[in-house]
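Note that this is a predicted model, so its numbers are computed, not measured. Just so it is clear: chains get the letters A, B, ... in the order the sequence lines come, proteins before strands, and each one is counted from 1.
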2 protein chains.
Amino acid sequence: MPITLSTARSVPVSALSFAQSFTGRSHAVGRPVTLTDHLNDLQGYGARLHYLRNEVIFNQDDPAEHVYRILGGTVRLCRYMPDGRRHIIDFLMPGDLMGFVESPDLPASAEAVSDVTLIAFPRVCFDRLARDSADVRRQLLCHLSTSLLTAQQHMFVLGCQKSKERMASFLLRLADRMDLGGGDRLDLAMSRQDIADHLGLTIETISRSITALRSEGAILVPNTHQIVLRDMVALRVLAAEE
Amino acid sequence: MPITLSTARSVPVSALSFAQSFTGRSHAVGRPVTLTDHLNDLQGYGARLHYLRNEVIFNQDDPAEHVYRILGGTVRLCRYMPDGRRHIIDFLMPGDLMGFVESPDLPASAEAVSDVTLIAFPRVCFDRLARDSADVRRQLLCHLSTSLLTAQQHMFVLGCQKSKERMASFLLRLADRMDLGGGDRLDLAMSRQDIADHLGLTIETISRSITALRSEGAILVPNTHQIVLRDMVALRVLAAEE
DNA sequence: CGAAGTCTTGAATTCTATCAATAGGGGTGG
DNA sequence: CCACCCCTATTGATAGAATTCAAGACTTCG
């Protein structure tokens, strides 16, 4: 059973505007210190890396030697099954972290959806940080807990929802993570195929779901890779969020 | 969004025969010390509780004040959505732990599938234990990581597999957790409806899947609540494990 | 501008859900 | 101990949803 796993996001995007400067010195004041802040303390050990669209960042069975913080672009975290089926566990975006799961091997592959910039920290450095700081450990537990919560939410989507409902859930979550509300333009970095493999549907069904949401007036689709969430209430009802 | 979460198993059932004696003294030697062992050190603070079939152990939005170790019986961990749909995140069995997620509120309800015996430890006691012991913290990270791995595996089942494949995956996992192999009788404590809500199918489809697997010779069904895994190879192929 | 890749739409098929009826099983009371 | 009843599970028929197969439209990029 060649199964492993590795990641998940945890830091609210909204909190990142501060840390984004990435000075490597002491943390911003007036807000909770995040795992991201602590990672910044490791700046000297981090390698800034770039990946082109569709490049592989790490492979499913590679040894887990780094932890990552994404600075720019979108990453897809996926698992390939023996028979070739692919499941996209999650999409990771700027500010998200990955590679924190305790597992000798990585349980998933990470690939660049768009061009990606990230910082890779050696695991041994991070482990030292965790050993010496109670706060880092606490943040790490929160990070994993949040990942688990996200996973359980997605299990509900996959297990209980119909195609249109899944699409609504996906769009709402994406908007939430990008700190967008109704009316804003949502940029979809990923292809329809990526969305399909994330939601457990086919590319055709994704396309039809989008068409259906549009004809109901819930969304606008100015172009293929942008969507406007026009009727948040309708979307939330579909996503069973209220 | 009244969503929370709380639990997951982590300790291999096989490791529990040792700890099962529950003496509360020092740990058995010659094998890794588990989170379960550490919990045993809290014996004096633990309350042994009993629940009848279908009784609620804790509710979705209760404050998270305890961590639990299951001694006997089967627990279902479920989430109820606003519209009434139910998703069973996982079934927990003797030796399994729950309640370790860092979240003020519990993200799921726990209910007794069969009569259940468990020990509840106050969270504050456990937190103290975690504060004072580096090994507890390490085990806790492993526990959460394992939970996340399990969740990701189940996402694949829900996202990619057909009904018969889901049933095969479910039976194999159950057998694995109970330390059973091919030929042994597998006791199903849960109802068809429970299985359906776990696998994202209906009770009728569960029934038909079982019938199909039986008529293919993959399993035997001596009675409604027992199943013999007759052809492990066929089941593993269906479950995409090889 | 052309070509390759991606997305949308349509039609037919397959799978699962739904509706409905029957069968089985466990527990209770006669 | 058996009969009955209720609850659960199975099976059948039909409807609905998503997939598959196929064609055409739109983008993107060389």
| Which residues share a ring-ring contact (aromatic ring centres under 6.0 Å, His included) with A:Phe170, sequence neighbours left out |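 Scan of A:Phe170 (ring-ring contact (aromatic ring centres under 6.0 Å, His included), adjacent residues dropped) gives A:His198.
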| At how many degrees, to 10°, do the end axes of the helix from C:dC1-D:dG30 to C:dG30-D:dC1 meet when each uses five pairs? |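 Roughly 40°, once rounded to the nearest ten degrees.
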| request: For residues 200-220 of chain B, pull every pair meeting salt bridge (Lys or Arg N to Asp or Glu O under 4.0 Å), keeping only residues two or more places apart or in separate chains. | output: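 Qualifying pairs: B:Lys164-B:Glu216.
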What residues, two or more places apart in sequence or in another chain, satisfy side chain to side chain contact (heavy atoms under 4.5 Å, CB included) together with [X]?
{"X": "B:His87", "result": "A:Met155, A:Phe156, A:Cys160, B:Ile89, B:His154, B:Leu158"}
{"X": "A:Thr224", "result": "A:Arg192"}
{"X": "A:Asp62", "result": "A:Phe58, A:Asn59, A:Leu106"}
{"X": "B:Asp231", "result": "B:Val233, B:Ala234"}

Side-chain atoms of residues 180-189 of chain B: list all donor-acceptor pairs with protein atoms under 3.5 Å, sequence neighbours left out, distances to 0.1 Å.
residue: B:Asp184; atom: OD2; partner: B:Gly181; partner atom: N; Å: 3.1
residue: B:Arg185; atom: NH1; partner: B:Gln226; partner atom: OE1; Å: 2.7
residue: B:Asp187; atom: OD1; partner: B:Gln226; partner atom: NE2; Å: 2.9

| query | Which nucleotide of DNA chain C is the first, and which the last, in the 5' to 3' direction, to come under 4.0 Å of a heavy atom belonging to chain B? | reply |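 Terminal contacting nucleotides, 5' to 3': C:dT16 to C:dC19.
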| message | How would you summarise protein contacts on nucleotides 14-30 of chain D per nucleotide, using B for base, S for sugar-phosphate only and - for none, with heavy-atom distances below 4.0 Å? | response | ----SBBB---------
| request: Please name all residues satisfying salt bridge (charged side-chain N to carboxylate O under 4.0 Å, His left out) with A:Arg85, sequence neighbours left out, ordered by chain then number. | output: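 With sequence neighbours excluded, A:Arg85 shows a salt bridge (charged side-chain N to carboxylate O under 4.0 Å, His left out) to A:Asp83, B:Glu165, given in chain and number order.
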| task | With sequence neighbours left out, write down each residue that passes salt bridge (charged side-chain N to carboxylate O under 4.0 Å, His left out) with B:Arg76, or none if nothing qualifies. | result |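 Residues passing salt bridge (charged side-chain N to carboxylate O under 4.0 Å, His left out) with B:Arg76: B:Glu111, B:Asp194.
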| In whole Å, what is the span from the CE atom of B:Met190 to the P atom of D:dC7? |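 Result: 22 Å.
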| field | B:Gly73 backbone acceptor or donor facing B:Ser114 side chain under 3.5 Å | value |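 Not confirmed, B:Ser114 side chain does not pair with B:Gly73 backbone.
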